2 protein chains.
Amino acid sequence: MTHPTRAALEPIAWVSHASLEVLTGYLMKRAFNVIHADLVITLETFGLRTITFSALVMVVDNPGITQTQLAQGLCIERSNLVVVVDELETNDLIARNPMPSDRRAYALTATPAGQLLRDRVLAAVHGHEARALAMLTAEERAVLNRLLRRIEGA
Amino acid sequence: MTHPTRAALEPIAWVSHASLEVLTGYLMKRAFNVIHADLVITLETFGLRTITFSALVMVVDNPGITQTQLAQGLCIERSNLVVVVDELETNDLIARNPMPSDRRAYALTATPAGQLLRDRVLAAVHGHEARALAMLTAEERAVLNRLLRRIEGA
DNA sequence: TATTGTTATACTCTATAACTATA
DNA sequence: TATAGTTATAGAGTATAACAATA
C-alpha cells in the first residue's frame with residue numbers, strides 16, 4: 001500500500017515494542033541505561049566519572065600497572081586513557097612513577113588518598129547496585145552476573 | 001605508604017578485575033559492547049544504524065505514530081529523532097504524513113520498501129543474536145531476557 | 001623497527017535551549 | 001499558554017593517525 005489507510009494515521013494509544021523486546025541487545029541497552037544513570041549520580045558525589053572510577057579501582061587492584069596495560073584492562077584506547085590518568089593524577093588519587101626497567105613507561109600506583117577514596121566509592125557503588133537491582137533477589141543477581149560474564153567470554 | 005615498593009613497580013602479568021567483575025553495571029557494559037559490535041556490522045549491510053533500525057521496526061509495529069511518541073518509545077530526545085526520521089525518509093523507508101487532526105504533527109508510516117527491509121533486517125538481527133549469544137542455551141537466553149526486562153521495570 | 005605515552009582530530013551519541021507553527 | 005517538530009550547539013565517549021622518546 002503506497003497510501004496509508006485512515007486508521008493508520010490515527011494517534012496510537014501506546015508504543016508497541018513487540019518485535020524489539022525479544023532482542024537481548026535491545027533489552028541490555030535499556031537495562032544498562034537505567035543502572036548507568038543511577039551510577040553516574042552516585043559517582044558525581046565523589047567527583048568521579050564511570051571511566052575514572054573503573055581506572056582508580058583497577059590501579060589499586062594492580063599496583064605498578066602501565067598505561068597500556070590499564071587501557072587493555074578497561075577496553076579503551078591508550079590515547080583516551082591519557083586524560084583519565086591526568087584527571088586522577090591532578091586530584092592526587094594516583095601517581096605516574098618512572099620505571100627504571102623501561103623509561104618509556106610509567107608504573108601507576110594509587111596514593112593513600114586514592115586507596116581511601118576507592119574503598120569509600122566501592123561501598124557506595126555496591127549500595128547503588130543494591131538499589132538499582134532491588135527488584136531482583138540475590139540469587140537472580142548472581143545468575144545475571146554469571147550469564148553476563150559468559151557473554152564476554154571472561 | 002607514600003612511596004611504592006620496588007615490587008609494586010614491576011610490570012604485572014595480567015590485569016585483575018577482582019573488585020569490578022562483581023558489579024552488574026560493569027559486566028553489563030562489557031557484555032553489551034561485545035553484542036553491539038557485532039550488531040553494528042550486521043546492520044551496516046542494510047545501510048542502517050542501531051537507532052535507525054529500532055526506529056524503523058517501531059514505525060512498522062506502530063503505524064501512524066508521531067515523532068514525539070516514537071522518541072518516547074525509543075527513549076531518546078525528540079530533537080535527536082529528527083535526523084533519524086530524515087535518514088529513513090531520505091532512503092524511502094518511512095514517510096511523514098500530515099495529520100488532519102493536528103497540523104503540527106506527522107503520522108509516521110513505513111513504505112512498502114521499509115516494511116520489506118524491516119522483515120529482512122529483523123531476520124538478520126535474530127541471526128546475529130544467535131551467533132553473539134551462542135554460548136548460552138535457549139533457556140539461559142530466556143532467563144537473561146526476563147531479568148533484563150525486570151530491571152527496566154517494563 | 002617496534003613500543004610507550006602523548007597530541008590532535010573527527011565522528012557518534014546524547015542533552016539542552018530556543019525557534020516556528022500550530023493548538 | 002502549551003505542544004510538535006526543528007535547529008543549533010555543546011558535552012561526553014570513542015576511534016585513528018602521527019609524533020617524540022625509548023626499546
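In the text below, chain A, chain B and the rest are named by the order of the sequence lines, each starting its count at 1. All of these numbers come straight from a predicted model, not from anything done at the bench.
Looking at L43(A) and H128(A), their side chains never come closer than 4.5 Å, going by heavy atoms from C-beta outward. Q72(A) has its side chain out of reach of V15(B): every pair of non-hydrogen atoms, C-beta onward, lies at least 4.5 Å apart. Contact of the L81(B) side chain with the I51(B) side chain is not registered, since no non-hydrogen atoms from C-beta on lie closer than 4.5 Å. The closest side-chain heavy-atom distance from L20(A) to L23(A) is below 4.5 Å.
When the P atom of dG13(D) is taken as reference, atom NZ of K29(A) falls 14 Å away, rounded to whole Å. Note: CD1 (I41(B)) to P (dA15(D)) measures 12 Å, nearest angstrom. Here dG5(D) presents its P atom at 18 Å from CD of E87(B), a figure rounded to the nearest Å. One atom, CG of L108(B), and another, C1' of dG5(D), lie 11 Å apart when rounded to the nearest Å. The separation between D86(B) atom CG and dA8(D) atom P is 12 Å, rounded to whole Å. Protein atom CD of Q69(A) is 8 Å distant from nucleotide atom P of dG5(C), rounded to whole Å. Rounded to whole angstrom, the span from the CZ atom of R30(B) across to the P atom of dT14(D) amounts to 12 Å. The distance between atom NE2 of H36(A) and atom C1' of dA15(C), rounded to the nearest whole Å, is 14 Å.
Considering every non-hydrogen atom in both S16(A) and M58(B), the closest pair reads O-CG, 3.9 Å. For L88(B) against A55(B), the heavy-atom pair with the smallest separation is CD1-CB, 3.9 Å. Shortest non-hydrogen contact noted between I41(B) and T45(B) is O-OG1, 3.4 Å.
At least one donor-acceptor pair closer than 3.5 Å links the side chain of E129(A) to the backbone N or O of T24(B).
Where T68(A) and N33(A) each meet DNA chain C at their nearest nucleotide, the meeting point lying more 5' is that of T68(A).
Near DNA chain D, meaning a heavy atom under 4.0 Å from it, residues 74-83 of chain B has R78(B), S79(B), V82(B) in order of number.
Listed by chain and residue number, nothing satisfies the side-chain hydrogen bond (donor to acceptor under 3.5 Å, both in side chains) test with T52(B) (two or more places apart in sequence, or in another chain).
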Pairs under 3.5 Å (N/O, protein and nucleotides 20-23 of chain C):
| residue | atom | partner | partner atom | Å |
| --- | --- | --- | --- | --- |
| dA23(C) | OP1 | R103(B) | N | 2.9 |

